[in-house]
Structures are given as C-alpha cells and as structure tokens.
Amino acid sequence: MFSRLVFGLGLLSATALVHPALAADAARTLQIFVSKDKQSLAVYDGTEVVATSKVSTGKDGHTTPSGIFSVLEKQKYHESNLYSAAPMPFMQRLTWSGIALHESNSVPRYPASHGCVRMPGAFAKMLYGMTDPGVPVIISDGELVPQPIDHPTLFHPEAPAAMPLLSDVELRPSMPDSPEKPVQVAMNDTAAMPMPAAQPIAAPEPEPPSEPISMLITRRTLRETVIDIQALLNQLGFSAGNPDGLLGPSTVQAIKAFKTLRPAEFAADKSLVSDTLLREVYAAAGKGEPPNGVIMVRQAFKPIFEAPVTITDPGLALGTHFFTLHAVDERVGTADWLGITLENNLSRETMKRLGITNQESSIITGKPIARSLSRITIPDETRRKIDALIAPGSTLTISDTGLGRETGEGTDFITITRG
C-alpha cells in the first residue's frame, strides 16, 4: 500500500498538509472530484479520501462544464488569456479552451468564477504538489464516489503460464532392483579443494512503471466509417487514398467505382456514404458484419491506435462511465478497477444522429455500469494488445457522444456531460 496520510472527511482548512510520500508514489493513481452542488473538491487514492477543500465554480453565464477531464498542463504562475491577465497561481489546466483549477483569494463556496475551479491558496499549492499531468479530474453536479468494479470486459494483465507437468516422462526407481547388488557412487575428494567465497546475489533492478494509457469506447462516427471504407477499398484494388477519414477526391472516386459494379444494391441508395455501402464493402472484403463501435487508445496525450468493437442493442444508450486502474498484479493477472457513472442526458438531436431510441442507461439507476460493459464485445487480438499496455493510472471512458470538441492534440479523452 502507498504511504499516505488520511485527512478527515470534513473540509480542510487552507493550512492542511499532505504526506509527502503520497505525491511521489501515488500521484498517477489519484483522482480529483469536484461537486458543483456542494462546491467542494475531494482527492481520492483508490476509494480513500486523502484531501478535501471548498471551491468556487463558474457563475451564471460562465458555467463550469461537467464531465471527465485530466490535468493537461501545470504552471505555478499563470495569467488569464481571456480575462485581463487575471492571476491564476498554481494553475492546473483541464481544457485548452480555458478551464483550469487554480488558486484564488476569493473562494466564497458558491459559484463565483468565470468557469474555472477556484481553490484557497494553501490548498491549491498543496494539490499542485500532489499531481502529475494526466491525473483525472471529474466535475459533476452531484457528489460522486469511485467504487470497485469487477467485470470480464475490463482489461487485466495476462497471468504467466503455469509450468507443465512432465506427464509423459518415464519415471525410474531411485533404488536398485536387487538390494543385494552394491551401488557404486562416484565422489569427488573435496578435502584439498578450497571452497569458493560466497558471492552476493544482486537484487534484480525493478522495471520502471509503464506509462498509463487512456481509452475511449464509443459509437463509430462518419470518420471511423470512412477510414474502414478507404482501407477495405484499397485492399479490393480501388485507389481510395490514405485511410484518414476524409472524403477527398480519391476516396469519392473509389466509392463511385465500387457502386458502379453493384447497381442493384445501390439503386435506392443515393447518399455517398451509408450503412448499405459499409455492409457491401465489408461483404466484398470477406469481413462479415461491420462493427458499430470503436475503442481509441492514447498514451502521454498522443493517439497510439484504435480498433473496432461491437455494441449490442445500439438503439439503447450506453451512458457515460469512467474507470481508473488503481493497481495490477502481473503475477496472478488481476487488475483493480474503480468506476463511476455520470448523468448525461442526450438531446433529441444527438439521439437522432446516433440512432438512439432509448437513453435509460444514461440515468443513474440500477447497475448501469455492468449493463453497459456487458453490451461491449472487444476482439481477442485487440484485448491482448491492450492487456499488455495497461498500468496503474490507466483510464477507460465509455460514452455515446464520441471524441467531443475538447479532445484534441495534447489531451486525453475529454467528455463533456453538461456545458
């Protein structure tokens, strides 16, 4: 267990201290939760609260967005680019559009900021020393508490293979067949041989911890559909260009050429890209049914790969869920995941665009996390690849709404649940 000093559950004063080992050993497994209803902030290490404070979030007209963020950048002294160079000491940036945690001399414990999360000076300084870039920050209307989650869909390290028993080796008795027969044993005369000095056995160097990864499972959008169509058309001999998700001239020409060879299938389909096109391209390439979901993986704020997944009952909303990997045991292949569900009611326009007819899962009732995880199928090859990458501090977001406008270069996956 990490060395830690546990604070009381009451709000800390501005002079609260934190155990110094916590920042060094456990920074990447911390989570920060901000409750706009209670105007409070809580820092969790696993399921344990290690620090709390009052805060002031955005006032009317400058509301602090709710959602899933992470610390993108830290500056001990920063001046606002939006509001007359207002000072923002011990700034921890959450979005490149201007939302951050920072110190303020005005934290009345009601919404008072222009969108940022204000903290008392001593606490802001302390929190700055506890965190590393990538630490998750969850902002919600109501108070959220991370809970242990055990589900087969979640990733875990592959346990080492057990050594096989030599069941086919012929065993021979250690005693001779006849006790009357003498047994000759060859022996070395060691009396005149000096014993070698015992050599100290060096302890193996511990492997440096892997960099955590962040993952997003969501519905496929036009971008992922076009990437698949481009890649498969190229395999089929059409020149669709680089699979970049963009409908450039080469891709458009390749799609039209593919449709020309199948006039009956596309007689009633007048759109350039459609479900019919995706199914026909998949069938022509011998790929079966096309997937309707995608998992994207980032590391150190950079995309490293993405792969298709399948979501059953696509007309039902998945909801918005966030998981953090607190600890792994590679010796036995176990992983300790923590999870929360965020309320995220979708607009009618969004539901129509995503093909969702029922968003019951978005409401925090029953067991929405287990229901959503059980609807996601991840190919074995993709699962093995991710199992080899996970490390403490890795995160997984499940969301209907995709990458979102705040996710971009130099970010993890940012999910806005309420603007």
Side-chain angles (χ1 to χ4, degrees), residues 31-44 47 49 52 55-60 62-70 94-95 99 101 110-111 113 115-117 136-149 151 153-154 214-219 293 311 313-324 337-376 395-407 412-419:
Q31 296 185 79
I32 299 171
F33 288 84
V34 176
S35 169
K36 292 194 288 187
D37 286 353
K38 293 192 172 184
Q39 292 291 285
S40 65
L41 180 152
V43 183
Y44 279 84
T47 58
V49 177
T52 61
V55 298
S56 285
T57 58
K59 58 188 177 183
D60 289 344
H62 299 279
T63 305
T64 301
S66 297
I68 302 164
F69 309 87
S70 62
L94 305 183
T95 73
I99 305 300
L101 309 170
Y110 57 76
S113 79
C116 289
V117 178
V137 180
I138 297 88
I139 301 175
S140 59
D141 291 342
E143 191 174 26
L144 295 175
V145 176
Q147 300 291 337
I149 302 294
H151 194 280
T153 299
L154 294 173
S214 61
M215 298 168 281
L216 171 68
I217 293 177
T218 189
R219 297 168 183 271
I311 302 169
D313 299 325
L316 179 65
L318 282 168
T320 300
H321 315 284
F322 182 69
F323 307 85
T324 57
W337 287 93
L338 304 169
I340 58 168
T341 295
L342 291 84
E343 189 168 1
N344 187 13
N345 292 314
L346 306 176
S347 67
R348 291 182 180 180
E349 293 78 10
T350 300
M351 290 176 62
K352 182 178 180 180
R353 174 173 59 85
L354 298 176
I356 295 173
T357 57
N358 186 338
Q359 64 168 325
E360 180 184 358
S361 283
S362 295
I363 303 171
I364 306 175
T365 58
K367 297 182 178 179
I369 285 183
R371 290 202 303 266
S372 292
L373 286 171
S374 297
R375 291 170 53 202
I376 296 168
T395 65
L396 167 65
T397 300
I398 296 176
S399 174
D400 290 296
T401 52
L403 287 173
R405 65 184 183 275
E406 293 286 359
T407 301
D412 277 333
F413 298 107
I414 298 176
T415 301
I416 305 295
T417 58
R418 183 177 176 184

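Worth knowing before you read on, the calculation uses all heavy atoms, side chains too, and leaves out hydrogens, waters and symmetry mates.
Side-chain atoms of L316 and I356, non-hydrogen and from C-beta on, never get closer than 4.5 Å to each other. In this structure, L338 and P148 have side chains that are in contact, with non-hydrogen atoms separated by less than 4.5 Å. L318 is listed as a side-chain neighbour of I311, based on a closest heavy-atom distance under 4.5 Å. P368 is listed as a side-chain neighbour of H321, based on a closest heavy-atom distance under 4.5 Å.
Checking side-chain atoms of T95 against main-chain N and O of I99 turns up a donor-acceptor pair under 3.5 Å. In this structure, the side chain of T218 engages the main chain of S399 through a donor-acceptor pair within 3.5 Å. Using modelled atom types, one side-chain atom of S56 and one backbone atom of Y110 make a donor-acceptor pair closer than 3.5 Å. Within the 3.5 Å criterion, the main-chain N or O of T401 finds no donor-acceptor partner in the side chain of R219. For Q359 (side chain) and L346 (main-chain N/O), a donor-acceptor pair under 3.5 Å exists by modelled atom type. Side-chain atoms of T320 do not come within 3.5 Å of backbone N or O of L342 as any donor-acceptor pair. Between the S70 side chain and the P136 main chain, no donor and acceptor come within less than 3.5 Å of each other. Distance alone, capped at 3.5 Å, is enough to place a donor-acceptor pair between the T407 side chain and the I414 backbone. In this structure a side-chain-to-backbone donor-acceptor pair under 3.5 Å is missing from S214 to T395. Between the side chain of D400 and the backbone N or O of G319, at least one donor-acceptor pair lies under 3.5 Å.
Taken to the nearest 0.5 Å, the CZ atom of F69 stands 8.5 Å off from the OG1 atom of T64. Atoms CD1 and CD1, from I68 and I138 in turn, are 7.0 Å apart once rounded to the nearest 0.5 Å. Here the OG1-CD distance, from T341 to Q147, works out to 10.5 Å after rounding to the nearest 0.5 Å. For the atom pair CG (L144) and CD1 (I139), the distance works out to 11.5 Å, reported to the nearest 0.5 Å. Of the inter-residue distances, the one linking D313 atom CG with R375 atom CZ reads 5.5 Å to the nearest 0.5 angstrom. Taking CD of E406 as the start and CG of D412 as the end, the distance is 13.5 Å to the nearest 0.5 Å.
Every residue two or more places apart in sequence or in another chain that forms a ring pair (Phe, Tyr, Trp, His ring centres under 6.0 Å) with Y44 is listed here: F33. Applying the salt bridge (Lys or Arg N to Asp or Glu O under 4.0 Å) rule to R418 yields the partners D141; only residues at least two apart in sequence or on another chain are considered. For S374, the side chain to side chain donor-acceptor pair (under 3.5 Å) partners at least two apart in sequence or on another chain are H151. Legend: residues meeting side chain to side chain donor-acceptor pair (under 3.5 Å) with T415, ordered by chain and number and at least two apart, are absent. Residues satisfying the side-chain contact (heavy atoms from CB on, under 4.5 Å) criterion with E143, sequence neighbours excluded, are S35, K38. Checked against side chain to side chain donor-acceptor pair (under 3.5 Å), T57 has the following partners two or more places apart in sequence or in another chain: Q39.
Judged purely by distance below 3.5 Å, without hydrogens or angles, the side chains of K36 and S66 pair a donor atom with an acceptor atom.
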Can you list the steps and then say if T417 with N344 is a side chain to side chain donor-acceptor pair (under 3.5 Å)? CA-CA 5 Å; T417 58; N344 187 13; 5.2 Å; no
Quick one, L373 with L154, criterion side-chain contact (heavy atoms from CB on, under 4.5 Å). Give me CA distance, side-chain angles, the key distance, then yes/no. CA-CA 8 Å; L373 286 171; L154 294 173; 4.1 Å; yes
